[in-house]
Amino acid sequence: MFNPVRSNVRFPELEEQVLKFWDSREIYEKSLQARANAEKFVFYEGPPTANGLPHPGHCLTRAMKDLFPRYKTMRGFRCERKGGWDTHGLPVEVEVCKELGIHSKEEIEDFGVEPFIHRCMESVFRYTREWENLTKRLGFWIHLEDAYVTYHQSYVESVWWSLKTLFDRGLLFQGHKIVWWWAQGGTALSSGEVGQGYRTVDDPSVYVRFPLLDDAGEESDTDLLVWTTTPWTLPSNQFAAVHSDLDYAVVRDEELGRKLIVATALVEQIAGKAKRELTVESTLKGSELVGRRYRPPFDYYYKDQGQTQGELIAGGKQHVAWRVLAADFVTIDSGTGLVHEAPAFGEVDHDLLMSEQTRFQAGEGPHLICAVGPDGKFTQQASDFADRWVKEADKDICRNLRERGLLFLQEQYRHEYPFCWRADQDPLIQYPRKSWFIRTTAFKDSMLANNAKINWLPEHIREGRFGNFLEANVDWALSRERYWGTPLPIWRCQETGKMEAIGSYEELLAKPGVSGLEAWEQSKERHPNISEHLKVHKPYVDEITYDSPYAPGAHMRRVPDVIDCWYDSGAMPFAQWGYPHTGKEQFADQFPADFISEALDQTRGWFYSQLAISTLLFGDQSQDDPQRGTLKTEYPHPYRTCIVLGLMNTEWYESPDGERYLTEDECRAKHADKYTKRVGKMSKQLRNYPEPNQIFDKYGADALRWFFFANQPPWTSIVYSERSIKEVIPEFMLRLWNVYNFFVEYARIDNFNPAEELGANEAELGSYQLDGNQLVCGATARNWEDRNELDRWIISELNRTAAGVVAKMDAYENFNAAALLKEFLDALSNWYVRRSRDRFWSNEESQEKCDAYWTLYECLLTTAKLIAPFTPFIAEELWQNLACAPFGQRTRESVHLCDYPTGNTSLVDNELSERMALVREIVSLGRAARMNASLKVRQPLSEIDVVLADRTHLDWLREQDGLIRQELNVKAIDYPRAADDYISYTVTPNFPRLGPRLGKQLPQVKKALADADPATLLKQLEAAGKFVLATDGGEVELNSEDVQVRLNAREGWAAAQGSGMVVVLNTELNPELIAEGHARDIIRAVQDHRKELKLEYTDRIHVGLVTDTEEIRDAVEQFRDYIMQETLALRIDFESIENTEPTTVKIAGSDVTISIQVAVEAG
RNA sequence: GGGCGCGUAGCUCAGUUGGUUAGAGCGCAUCCCUGAUAAGGAUGAGGUCCCAAGUUCGAAUCUUGGCGCGCCCA
């Protein structure tokens, strides 16, 4: 039997109980065990960082990550969910530095790398508890106990293996990376740090002549006029860049007696600035300049290398430097349209050098020129300025150029320039650092091919953001000159500089002459509780050296760098298993993922790192080598479907003085209407969003989940709004709860016990899933086709919904799936239950009543399963009471151990849906008409007329009179054919049908139809099924399908019109109807009073009525039986009942005093 | 500056392949129902579908350009 249901449910409390239930019964584990041998559905957890508190954005990702695995599990798949933690990287170091009150690498070194690393490791799991609580409270089922952790030894070794593989294949190499460099501090700054230090400054802006060389290598009479705001980079000049498509002018400068080349569009501007006359002699395209040689302003490098040529891959030779190159980044926004290129001091400039190098055979191309040392001072090579700080040398460089006549023009240039955020007098410079790269560019096409196979949601990510990013791929700058990260597993011979990669700790220890292990051993003695995992980290691993195979007596020592932590996370598909050192089987089983989901900011992060690593490691079949342990797979991209979540904003309310409130009510209470609603980024500082835990405590996890799943497609930018989350409760949760409550209430009264009716003998323990096919076996359950229209209709809707939800969910469209569920719940609550109440109320046992119970029971059980992946808590509550309470161990222990309903499409009746929609429209229009005529529903009316444009379903509708009459409280319904008195018609073309057939003739037909007399057309249609219309373009024959007939109510009637019908009320009242109206008023008043007195639904009563009005007494006499039946009254007397609390109501304008006494059951 | 996305009711958002009366929820107004009851429901007001041009018999939908916003990159 069912347990009583609280009507004033508190969802958060309920959820806590459900959590305890899941825990104690190990439901999650059981859901996995049940699918142990099933087909797999692979999910990857993109590892979050646990050194910060989880925020609402994480709730969204975690909710999405829970929805589909739960769904797939119920659909019969085995979906393992291994947790993971991202533990390395700069953010951790920054956090620790904050605690220690230090900034620079120097200070870290002073503090000591070893204690620093220990601190980092401790910091990593600072908020683990919060993360675990949130994960659990949200109902996210995932194994956090055996989560992969990126700093663990097995994980690090797996990463090492992959890097060794890349190194051995020549894909991991050293090069230069241009970084923002703090020369005084000797360190690079992250982009975040750089962003903090921008200031407006004036820098010199110089226009310099680069004399062009003729074919013989001699100076010509023409100069490139080149612009730069960093004169100090001129000694390191390597190229000049133009844009191929731009127009350039050769201008004569009489004063100089030479010709200059500048962008045509800028001639006037430059002439104006220089106050000189520049006469255009000819013009040419940028592309015509490409390849021309020039003499650079300083000859520190030119004097040795000016004539050097290199072998081109395409054949032939070319000078390696001081040529004009084409570059897309050249613009005419400022300067001259010609750009000085010093690849050492700019990222795009360096990229240009790199692409230039690829044109030459290995080693033959240009090398990076850099006349500046890491201390920011010129090297000896730039002899005139050696040992000078570059920024201070700007002036002297300009003077030098002016003296040599190369400086055409100099001015001041005001712009934003970054300074060091911890030494704000120190300007940063862009500077090349030796860095390790992965040659991803060589795999661009493979990555694009793999990308094409990914099912991106939303789709535009593939060609758009992600595709474009791949198209613009540059080699992955892997190394970081930091401390807390996976150490780069490369050891270098101190003698020869030759290097080799190491694939595991064991491999390292097996090297000849290994030493330096004592650093770790000693540390362990000092810190007995230290994690074993740390031994593969800095500083311990740095101490390990071994004999060089390249030079006798020399040692191999590790390069000091650690790697980009994005590589860690991208290696997760194999590293989570420790592959290939361990976990080969798991990896083979769990690769690639069927489904991943993270927010948009991961496009360049985890989405890319996974794809890149996977493509490089596993993509190239020719490189496949079982010895090395690579995996042969025909499907080398790491995830099949990826839902890219939108970024999350929040809303809050702000008073005029800038005070922030999270809810509107709160703000209005203090500031009346003087406040504004704000929508924007979530900010920890502003505290402009409610913490997830507050939401859980106030509304529950289901509400939050449903808000995420059902309010918008997940890839839109979501506004995290307490108001919207709150709205979920009445809209979805309570509506469902009320239906559930309604059912249980009456099932208990009527002793509806499905478990008794379904034979126990054939049931093995736990076998009942209570789907429709099982439920129709109930002793009093009839087959669906024998039940009434309403029952068949809701069963049809139920199965249609289930089939629809499955289709949407299989396509990963949770939003559309949720919309179907909402729609069904609306149909169930606002039509099925509403129209079936009589059957539940009736006292006698009847088959109709049993049908109602079985139908609603099936709907609720199936709904519980359908919503289980979305709102797992309320689904469980429903299941526990509706299934487990009566069936005990004969049914599934949890709704999450059930199979997902897929819908029995043979029970879907489209015609019935169409018909029921008609009924609902008639009712809706009837209500509208009543509203217009101010006739409340309690007042019965004698008749309504329903005029239909399409009478196809007329016979059926007549059979459903009861539904409509009851809902609209009318005595009769007529469906008049001719109703010209209160209806007019318009006939319009059926556009979708006629458009393709008539094309340009359509407007004429439309006009002809509008001009014709609709009544005549309709008569013709009725008689012949078609009519002929004369238009300017000839005659057109139209049949009833070609046109649409619309009905309009004429003025002066109590009527309402819909798209294909008009409902007209007969507003005439006779004394009998009025009396019945009074009777219903009285019933309502009695029921109201029952409620006030908190009577049980089943209590029988005595009613006392006191009134002066004859009319009301007559009405009571006339409808005495009706009133008694409706109110469960045994007697109605026209006198007050003693010892009761009477109530007085107005009926028909006069007072009626009602008293109620509970009747003692006779017998 | 480039790429991507988005502009639909007061708010938050839907809108299938172009089809002629553009929808939902909330809010607001009016009201109904009440044996689901500290619920439920109906009706209504509210829209130049950002602007402009084009394609088309027909455009919220397709194309182009502009304006505005967001994100990423520079």
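Quick note on labels: first sequence line is chain A, next is B, and so on, each numbered from 1. These values consider heavy atoms only, across backbone and side chains, with no hydrogens, waters or symmetry-generated copies. Here the structure is a predicted model, which means the values were calculated and not measured.
Nearest to the side chain of A:R465, among B:A36, B:G41, B:G70, sits B:G70. Of the candidate nucleotides B:A74, B:A36, B:C13, B:A36 has the atom lying nearest to any side-chain atom of A:F742. With distances taken from any side-chain atom of A:E347 to the nucleotides B:A74, B:A36, B:C13, the minimum falls on B:A74. The listed nucleotides are B:C13, B:G19, B:C26; the one nearest the side chain of A:P713 is B:C13.
Within the 4.0 Å cut-off from OP1 or OP2 of B:C57, not a single side-chain nitrogen or oxygen of A:R997 is found. The side chain of A:R993 places no N or O atom within less than 4.0 Å of a non-bridging phosphate oxygen (OP1 or OP2) of B:G19. OP1 and OP2 of B:C57 both lie 4.0 Å or more from every side-chain N or O belonging to A:Q1001. Considering only side-chain N and O atoms, A:R930 lies nowhere under 4.0 angstrom from the phosphate OP1 or OP2 of B:A42. Distances shorter than 4.0 Å separate none of the side-chain N or O atoms of A:T716 from OP1 or OP2 on B:C13. Residue A:N830 places at least one side-chain N or O closer than 4.0 Å to OP1 or OP2 of B:G41.
Comparing the same atom, P, in B:U64 and in B:U55 gives a spacing of 15 Å after rounding to whole Å. Distance check on atom C1': B:G5 versus B:U30 gives 41 Å, rounded to whole Å. Between B:G10 and B:C72, the distance separating the two P atoms is 30 Å to the nearest Å. Nucleotides B:C11 and B:U48, compared at atom P, are 12 Å apart to the nearest Å. Between B:G54 and B:G27, the distance separating the two P atoms is 44 Å to the nearest Å. Nucleotides B:C50 and B:C6 place their P atoms 13 Å apart, quoted to the nearest Å. The C1' atoms of B:G23 and B:G40 are separated by 23 Å, rounded to the nearest whole Å. For the C1' atom pair drawn from B:A52 and B:A59, the interatomic distance equals 14 Å after rounding to whole Å.
When Watson-Crick and G-U wobble pairs are counted only if both distances are under 3.5 Å, B:G54 pairs with B:C62. With a cut-off of 3.5 Å on both Watson-Crick or G-U wobble distances, the partner of B:C4 is given as B:G70. Remark: B:G25 base-pairs with B:C11. Criterion, Watson-Crick or G-U wobble with two distances under 3.5 Å.
Ring pair A:F607/A:W456: centre-to-centre distance below 6.0 Å. Within the 6.0 Å centre-distance limit, the rings of A:F743 and A:F2 are counted as a close aromatic pair. Taking the six-membered ring for Trp, A:F742 and A:F840 have ring centres closer than 6.0 Å. Note: A:Y740 and A:W737 meet the aromatic proximity criterion, with ring centroids under 6.0 Å apart. The aromatic ring centroids of A:F469 and A:Y608 lie less than 6.0 Å from each other.
Atom CD in A:Q602 sits about 17 Å away from atom C1' in B:C4, given to the nearest Å. Here the C1' atom of nucleotide B:C57 and the NZ atom of A:K1006 are 10 Å apart, to the nearest Å. As rounded to whole Å, 15 Å separates atom P of B:C13 from atom CH2 of A:W715.
Looking at A:F707, A:F11, A:W706 one by one, the single match for ring-ring contact (aromatic ring centres under 6.0 Å, His included) with A:F732 turns out to be A:W706.
Counting non-hydrogen atoms under 4.0 angstrom, A:D601 reaches nothing in the nucleic acid. Among the atoms of the strands shown, none is found under 4.0 Å from any heavy atom of A:P458. Counting any heavy atom pair closer than 4.0 Å across all strands shown, A:V833 reaches a base atom. Among the heavy atoms of the strands, none lies under 4.0 Å from A:K822. Nucleic acid contact for A:Q1087: base, since at least one base atom lies under 4.0 Å from a heavy atom of the residue.
With salt bridges taken as basic N to acidic carboxylate O contacts below 4.0 Å, none links A:K177 and A:E347.
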